[in-house]
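Just below is one structure, and these are the notes that go with it.
Just so you know, these numbers use all the heavy atoms, side chains as well, and skip hydrogens, waters and symmetry mates. To find a chain, count down the sequence lines: A is the first, B the second, and so on, and within it residues start at 1.
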Amino acid sequence: MEIPRSQLDLRDDPHVISPPIITEPLYKCASAVNVTGYIPNATLDIEIDGAIAVSGVPGGFPAPFGATIHLPTPLDANQRVRARQSHGGTTSGFSTQVIVRDHTVDYPTGLPRPEIFPTPLYRCGARTGVGNLIVGCDVSVKADGTTVGAVSGANNPQGVNVSPHFDTGQHVIAIASLCGDPSPPSLEQLAQVPPLPLPAPGFDPIYEGGQQLVVNSLANGATFTLSRNGVAVGTFACWGGKCAVGLSPPFTTADIFTATQQLCPGDGSSPTGTGTVQPCSALPAAQVAPVQDGDTQIVLTDFVFGSKIKVFVNLVKTGDGSGPVVALTLPVPPGARIDVWQVLGNCQGRTVQDLQAKCVAPHVNGDPSALDLFPVGIRDPYDGGTTDIDGFHYHISGSIYYPADSDGSGTPFNRRVAEHGSVPLVIMVHGAHSAATPSYQGYDYFQYQLARMGFVAISVDERETDQGPDWAGWTQNIVRRAELAIASIRFMQQLNSSDPIFQGKIDFSRVGLMGHSRGGDCVIAVAERIALPGVSIRAVLSLAPVNSGANSGRPHGYQFMTFLPAADGDVVDNNGAQFYDQATADPIKTQLYIYHTNHNFFNRQWLNDDTGGGLPLMSRPDHERILSTYGCAFFRNALRDEPTAGFLTGLALPPGVQNQSVHLAFDVRDARIVDDYEGHPITVDKEGAPTTQIAGLIARDFPFRQPPGAFNASFFGNTTGNVSTSDSTAGDFRSELRSPADLRRSEVRVRAAEVYNGQNIPPDATGFRLGVEDGHAMIAWVDVNDVGGLPRPFDRRAFDMGRGDPDKTKTMLSTFRFPGPCLVANEPRLQIADIRAIHLNLNHGGNRPIAFDDLEIVRNP
Amino acid sequence: MSIDSGGRVKPPKPLDLWRLPEITDISIYRIRFKRPRRFTILGKDRVISETIAFTIFTSEPFVIRALGPVLFVGDTALTVAEGEGDRRYRFLAPEPQRLKTGSPIFLAWNTSDPPRKATRFKYEPPSAVLEDQ
């Protein structure tokens, strides 16, 4: 919340400034390091192995990408590097120490593949951006094989000026190298004729006191000429989009900035864009990402370039740096008040961003879909012959995406990947749709992402099962789909034994499946039916599945994930919830209940909105982004044991995703199950210890599935759980533990949901708090709002009833984490190593029912 | 001055996933399969050689979608069908003993508690036996 600064007594201690931040990781042979988060125009020191290697470097402006500081000698493995800043006579503490790594350990098959951006490239473009680099590497840009630009000791991303400028039809690539190890070439770009005339450049808001402005609407590679009050201040090349320029003296409200842009001189300049300066009083507060107890830095989601960001924790200055990330001098204490103040030169923001640290507020972390290592080869279609199933005749076909030496159709398998060993296989199976639609091509974006990070990803063409006579078979149709998918896996084994591209390249002991719709049901059946020697299914992603009975309904023996689109206009029951409830966490199971997503938009070839416009949806790219990020996190973790499990267990959020619409339930193999409400009366828990209903709370076990027997018709899973109600705010459900628990390094987890009442969604939210009780009957509480809050039900009543169906608004449970340290922070007298009982207190009262399941104790990951 | 006032682009007609055809006729008969049929229940296959079948004749094809059609005979849901053409589908009763004489026949989509589309047909135990090819 943005509040007037005058309401607070903030003492701006000039001696408190943040340590800067070194961009990680650092690698051997890097000739530069990058530093961010410092105060504009601070000087920077770099220390290597305890000695100052670079001293007093003017940092300039830290936005947008920090200061790239060149080193006297390249880094060596295991060196310890840190940085500090000095500003206004004060020197900060050192940053966190970064240990230099060897890139051949992290990237044994070669450096990541550079990415040219933004695209397309235009004739006469004078600069381009290159991303996906290792900081400190060398990068060069080649046009038709000739180097036209290069940077040694690059940042990530890095702008590269090109000379001569690009010409129409040139084939442009970028290549990086480190320690003499070259990366694969970037995806080739073809320079094009730009759309003319170019638009007038624009300006992001400019504020009095600032010294850095951002020109926008720039064509890719254009040069722009900037003037201040009619006097030219310079001509700059820009990779496109936006470009930040530092100027002196500070801006006043009397200043008027103008800019024009051009590509080829003969094309003429664009019209002139004009920017004016807003008064200091208009300077807004920075926008701040949620803060979690114990955080050591504050992340800004919006701020003014060139500003200083001062952070106050419980009204005490704890940070002074710049966006987008400000390091703190002390970790954030539990529940602390955070105030973030933006200062632009002499303009001191009149408002501050005021928020409270939460016990659980997962951070937006690295993008699990962004790992871009290799060119991608494609075989589309593959021809695996034919097969007959139940009297139907099918072609074994589909598409294969794989890591290659170069992009394109039929290119050789990547040599360095092959030398490193065989790679996992992911098989995708589409669902039922018009047989005229090439449904199997609808996941090409996901196949491409997996292939460029080193998986072989195939999508099976099952259109022949979409023909009416076959499709009508329901369960049997889905069984046939499964057997057709298995036929494709068998064909992949043949390729692995003798194909010139794939021979010996595929590791069938690491196979993952992704199925959508009927395909989501089918892939669970595949895992249960497949009997091919050497094939081991290790992961199954079931996207918006039906549940036809084609499989046992109990996913087991592999890591499992399901997506439930809350606005599914076809599989309106979200049957994947039944699979999640019955799945074994082996070792993890995850359910994503995703608001504002429909059935079709995960498949690029399925063009119609299955809700017919009846429910509010996020965009199609937002649908795809969810499959890309969570899907890549899932397969990377399950098939390659990479550290992406945090995305699957509520510890981290992927960037660029509508995370506010994604509600996770998850479970892990090694959890201590206090109660799952299965197979015993409500008066005891799973451990056989007694439960108690206190202060008028009423708890009963109910099937969490469709009636009969359910609490109401809003449950669509397949398990049993506890529905509790309480008129009083003291209503409490106590579960005794059979043996004491030590929560110093563990957390309590519970699945919970606001029960939809079958009629309407009350305007006010409800909730509960969870308590842990020690051996001295001391209870420490944490409210669910401090760990994410109960989502409100996704309202689809009008949509469903409007087409004559029952209301399918659902009670869908999410998993909440209550870390031990948060609990003890709220009650320091608690003996956290001696927990004897867990409480669920319906502290909102009002007889609003809440559904609970899977009360567990889990060791911190 | 050449300013276009814009021409509204008509959105494509939405596909009505929930449309069900009319059943224009039903033929109920006992059927013996020369090629035994596979029935899968909770992932387990079993094979049947003889059952009761309902061939329905519809006013139009079903929309191809995730869910399948269900023929309700009273409260008994028949979900396994064999298409015999665009407008002719044969629903099979894996447990014919559950069919009750005189039960009304409905058509629906395979969801929980689906709205059922009434037909003018009722179930009468068949006397005819068809030898399937």
Side-chain angles (χ1 to χ4, degrees), chain A residues 389-391 431-435 437 466-480 516-521 524-525 528-529 544-546 548-554 568-573 575 599 607-614 705-707 713 716 803-806 808, chain B residues 11-21 33-48 56 58 60-71 77-92 94 108-117 132-133:
Chain A
I389 306 169
D390 290 348
H433 206 75
S434 163
T437 301
D466 290 340
Q467 304 284 353
D470 193 342
W471 165 86
W474 186 232
T475 311
Q476 302 317 127
N477 170 260
I478 292 166
V479 170
R480 289 189 286 273
H516 183 187
S517 191
R518 287 195 181 196
D521 192 16
I524 300 171
E528 294 178 357
R529 287 174 178 271
V546 300
S548 71
N551 57 64
S552 67
R554 299 170 182 269
D568 199 317
D570 193 336
V571 184
V572 292
D573 289 346
N575 301 87
H599 189 77
L607 304 181
N608 61 303
D609 168 14
D610 41 283
T611 75
R705 58 174 177 262
Q706 284 290 279
F716 285 79
R803 56 185 173 75
D805 241 21
K808 303 278 187 181
Chain B
K13 193 178 171 194
L15 183 66
D16 182 0
L17 291 179
W18 299 94
R19 183 180 175 86
L20 283 166
F33 297 115
K34 283 194 174 168
R35 178 177 59 80
R37 294 300 196 265
R38 175 165 63 158
F39 275 85
T40 305
I41 298 173
L42 290 177
K44 301 286 186 200
D45 293 345
R46 65 187 176 106
V47 168
I48 61 169
I56 66 168
T58 61
E60 59 190 291
F62 288 103
V63 178
I64 301 294
R65 58 175 297 192
L67 301 180
V70 185
L71 192 72
L78 308 184
T79 61
V80 174
E82 298 180 341
E84 298 184 303
D86 269 357
R87 301 179 186 194
R88 185 172 156 176
Y89 301 86
R90 181 160 68 192
F91 286 81
L92 304 176
W109 289 107
N110 195 351
T111 63
S112 60
D113 192 18
R116 301 177 185 188
K117 183 169 183 171
D132 186 59
Q133 296 308 303

Please check if the side chain of B:Arg65 supplies one atom and the backbone of B:Leu17 the other of a donor-acceptor pair under 3.5 Å. yes

Result for salt bridge (charged side-chain N to carboxylate O under 4.0 Å, His left out) between A:Lys808 and one of A:Asp568, A:Asp573, A:Asp570 points to A:Asp573

Worked check of side chain to side chain contact (heavy atoms under 4.5 Å, CB included) between A:Phe716 and A:Gln706: CA-CA 6 Å; A:Phe716 285 79; A:Gln706 284 290 279; 3.4 Å; yes

Using a strict cut-off of less than 4.0 Å between a Lys/Arg side-chain nitrogen and an Asp/Glu carboxylate oxygen, indicate whether B:Asp45 and A:Arg529 qualify as a salt bridge. yes

N/O donor-acceptor pair under 3.5 Å between A:Gln476 side chain and B:Val80 backbone: no

Which of the residues A:Asn608, A:Leu607, A:Val572 is involved in the greatest number of heavy-atom pairs with chain B at under 4.5 angstrom? A:Val572

Looking at A:Val479, A:Asp470, A:Val571, which has the largest count of heavy-atom pairs under 4.5 Å with chain B? A:Val479

Using heavy-atom distances under 4.5 Å, tell me whether B:Pro61 contacts chain A through its side chain, its backbone, both, or neither. neither

Chain A heavy atoms under 4.5 Å from B:Val63: which part of the residue, side chain, backbone, both or neither? backbone

Can you tell me which portion of B:Ile41 sits under 4.5 Å from chain A's heavy atoms? Options are side chain, backbone, both or neither. backbone

When you measure from the side chain of A:Arg480 to the backbone N and O of A:Ile389, does any donor-acceptor pair fall under 3.5 Å? no

Any idea which of A:Gly473, A:Gly612, A:Ser434 has the most non-hydrogen atom pairs under 4.5 angstrom with chain B? A:Gly473

Proximal component of A:His516, with respect to chain B [non-hydrogen, under 4.5 Å]: neither

State whether the side chain of A:Asp610 and the backbone N or O of A:His599 hold a donor-acceptor pair below 3.5 Å, judged by distance alone. yes

Contacting moiety of A:Ser552, where chain B heavy atoms sit under 4.5 Å: both

Between A:Gly613, A:Ala525, A:Gly519, A:Gly569, the one whose heavy-atom pairs under 4.5 Å with chain B are most numerous: A:Gly569

